[in-house]
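Below: one structure, written as structure tokens.
Numbers for residues simply follow the sequence, beginning at 1. Because only heavy atoms are used, hydrogens play no part in the values below, and waters and symmetry mates are left out as well, while side chains stay in. The structure displayed is predicted, hence computed values, not measured ones.
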Amino acid sequence: MPYARRLGLFAFACLVSLAAALGAARANPMLLVDMDNLDVLYAQEAGQPWHPASLTKMMTAYVVFEEIAKGTVTLDTPVILSAKALKQAPSRSGLPVGSAMSLKDALYVMIVKSANDTAMAIAETVGGSEAGFVAKMNDVAARMGLTASHFNNPNGLHDPGQYMSARDLAVLALYIRQSFPQYLPMFGTEVVQVGKARLESQNELLTKFSGTTGMKTGFVCASGLNMVATVERNGRRLLAIVLGGSSARERNERAAELVLKGLSGSMQPSGQTVLNLANNPGAAPVDMRANICGKGSQDYVKAQEAAFPMGLKGQPTYLTDTVVPNTYVATDLGRMAVGVVLPRPRPAHVPMFAAPTTTEAALDGGLRPGVPVAGGDIPVPRTRPVF
């Protein structure tokens, strides 16, 4: 066979192999929203139900914020780690059974460390039981119009019946920012110090992507690596969601890329807002376990790397900034007996945060783009729950 022909066949074989690898790469849900007007700048599979993993804890936090607003608990209410809480799979707080923290400290540990034991302890404290708390989660989801969301636990450990869409996650993030801006520092904190333990966030954008203000990351085998990120630069406020990443690198770099394209204007409004973005509630949630943790995971990761090499060794990266991490110091209150009678909540407790409370305009039952609220002119959906 002539050399030129052999070379041509070899090149063709390489192209076929590369095409096969790229064909294995999956286009997972991604969403970019302008938080100033709710415009969708980019959407890919945004209505597809997905296992949220620890992004679940955003809803857990929202339920707690509502209960604080109602006066059923306060930030000082003690949260005690029960035996059930300690049986939750990692990540965990590292504290032993019977340990107590204030609800405020527990929220920081849950959000920053993504501690599953702490999420369960919070649910038991605020809801009376896991089931009682989960009922509150699903009630909030219904009131928010999260039609592609359902919850069976408060921490995001895998359950086939627990799912959210990227669209629903965006709506939830907007509710948190609009209704409870005083708690946003929790989502922008990188480190929680508990005694000698240093509990760190997995949100790399907080320390390597300037302007990042939060919010949450998550991972289980069935979900891949998920992220909700909020960024404020040059007077713009953008919300990026990436679900099903094959690695933390891919998840972080894709989120940063979405934001940069939104800031540069290369991603323009699609004509939809996040409110009228369609969900697909009848679809089964995608299970990524085989690709992320199964025998074929190495091939899948290689395909994803070939399709999106940003951040790999020798490749450019979007995460080039150096940002001083925000640190919060929590207090271990020691051991308490599970079942201890909790103190009655103070009727007029004011959370100890720098940001003011939400204005009356934001609580009128019709949350609208352009209504000034505490923490900025942040729009939120009209489907605001009344409480």
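A distance of 12.0 Å separates CD in Glu204 from CZ in Phe209, rounded to the nearest 0.5 Å. Separation of atoms CD1 (Ile68) and OG1 (Thr77) is listed at 8.0 Å; rounding is to 0.5 Å. Here the OG-CG distance, from Ser210 to Leu319, works out to 12.0 Å after rounding to the nearest 0.5 Å. For the atom pair Thr60 OG1 and Met120 CE, the distance stands at 9.5 Å (nearest 0.5 Å). Atom CE of Met30 sits about 5.5 Å away from atom CG of Leu258, to the nearest 0.5 Å. Distance CD1/Ile122 to CG/Asn155: 10.5 Å, rounded to 0.5 Å.
Of the possible polar contacts, one joining the Arg249 side chain to the Met310 backbone as a donor-acceptor pair under 3.5 Å is found. At distances below 3.5 Å, at least one donor-acceptor pair connects side-chain atoms of Asn138 with backbone N or O atoms of Phe151. Gln44 contributes a side-chain N or O that, together with a main-chain N or O of Asn28, makes up a donor-acceptor pair within less than 3.5 Å. Checked by atom type and distance alone, the side chain of Arg289 never pairs as donor or acceptor with a backbone atom of Gly294 at under 3.5 Å. The backbone N or O of Ala121 sits less than 3.5 Å from a side-chain atom of Thr125, completing a donor-acceptor pair. A donor-acceptor distance shorter than 3.5 angstrom exists from the side chain of Ser266 to the backbone of Lys261, with no hydrogens or angles considered. Here the side chain of Gln304 pairs no donor or acceptor atom with the backbone of Gly245 at under 3.5 angstrom. Under the 3.5 Å distance criterion, the side-chain polar atoms of Ser93 are left unmatched by any main-chain donor or acceptor of Thr118. Looking at Ser179, its side chain never comes within 3.5 Å of a backbone N or O of Ile176 through a donor-acceptor pair. Between the Asn116 side chain and the Ala89 main chain, a donor and an acceptor come within less than 3.5 Å of each other.
Between Pro52 and Lys57 there is no side-chain heavy-atom pair separated by less than 4.5 Å. Side-chain contact check for Glu190 versus Thr327: every heavy-atom pair is 4.5 Å or farther apart. Residues Ser99 and Ile80 have side chains not in contact (no heavy-atom distance under 4.5 Å, counting atoms from C-beta outward). Within the 4.5 Å cutoff, side-chain heavy atoms of Asn252 are placed close to those of Leu205. Residues Leu184 and Thr213 are not in side-chain contact: their nearest non-hydrogen atoms beyond the backbone lie 4.5 Å or more apart. The shortest side-chain heavy-atom distance between Val228 and Leu55 falls under the 4.5 Å cut-off. Two residues are said to be in side-chain contact when any heavy atoms from C-beta on lie closer than 4.5 Å; Val97 and Leu81 fail this criterion. The closest side-chain heavy-atom distance from Val329 to Thr331 is not below 4.5 Å.
Residues Glu67 and Lys70 are paired through a salt bridge, judged by an N-O separation under 4.0 Å between the basic side chain and the carboxylate. Using a cut-off of 4.0 Å between Lys/Arg side-chain N and Asp/Glu carboxylate O, Asp34 and Arg236 are scored as salt-bridged. Residues Glu130 and Lys84 are paired through a salt bridge, judged by an N-O separation under 4.0 Å between the basic side chain and the carboxylate.
Minimum interatomic distance between Gly214 and Leu206 (heavy atoms only, all atoms of both residues): N-CD2, 4.0 Å. Shortest non-hydrogen contact noted between Pro49 and Ala148 is CG-CB, 4.3 Å. Taking both residues in full, the closest heavy atoms of Gly195 and Gln193 are given as O-NE2, 3.3 Å, listed atom of the first, atom of the second, then distance. The minimum heavy-atom distance linking Ile292 with Ser297 is given by the pair O-CB, 3.5 Å. Of all heavy-atom pairs spanning Ala170 and Leu31, the tightest one is CB-CD2, 3.7 Å. Across every non-hydrogen atom of Phe219 and Ala53, the tightest pair is N-CB, 3.4 Å.
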*asked:* As a quick check of understanding, evaluate side-chain contact (heavy atoms from CB on, under 4.5 Å) for Leu243 and Leu169, giving each step before the final call.
replied: CA-CA 10 Å; Leu243 303 180; Leu169 282 161; 3.9 Å; yes

*asked:* Walk me through whether Glu232 and Arg177 qualify under salt bridge (charged side-chain N to carboxylate O under 4.0 Å, His left out).
replied: CA-CA 13 Å; Glu232 299 183 9; Arg177 289 177 60 86; 3.0 Å; yes

*Thr212 and Thr230: side-chain contact (heavy atoms from CB on, under 4.5 Å), yes or no, with the steps?*
CA-CA 6 Å; Thr212 302; Thr230 54; 5.8 Å; no

_Run the side-chain contact (heavy atoms from CB on, under 4.5 Å) test on Glu45 and Val286 for me, step by step, so that the C-alpha distance in whole Å, both residues' side-chain angles and the decisive distance to 0.1 Å come before the verdict._
CA-CA 11 Å; Glu45 300 292 335; Val286 173; over 6 Å; no

*Test side-chain contact (heavy atoms from CB on, under 4.5 Å) applied to Ile241 and Met215, step by step*: CA-CA 10 Å; Ile241 298 175; Met215 295 188 66; over 6 Å; no

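Cluster membership check: Leu225 shares its hydrophobic cluster with Ile111, using side-chain heavy-atom separations under 4.5 Å among Ile, Leu, Val, Met, Phe, Trp and Tyr. Leu238 and Val33 are assigned to two separate hydrophobic clusters, defined by single-linkage of ILVMFWY side chains at heavy-atom distances under 4.5 Å. Cluster membership check: Met137 shares its hydrophobic cluster with Tyr62, using side-chain heavy-atom separations under 4.5 Å among Ile, Leu, Val, Met, Phe, Trp and Tyr. When the side chains of ILVMFWY residues are joined at heavy-atom separations under 4.5 Å, either directly or via intervening members, Phe187 and Val242 end up in two distinct hydrophobic clusters. Side-chain heavy atoms closer than 4.5 Å link hydrophobic residues (I, L, V, M, F, W, Y) into clusters, and following such links, possibly through other members, connects Val64 to Tyr175.
Relative orientation of the Phe65 and Tyr183 rings is parallel, given thresholds of 30° and 60° on the angle between their planes. In this structure, Tyr328 and Tyr108 have parallel ring planes: the angle between them is below the 30° cut-off, well short of the 60° mark.
For the residue pair Gln202 and Ser114, no side-chain donor N or O sits within less than 3.5 Å of a side-chain acceptor on the partner.
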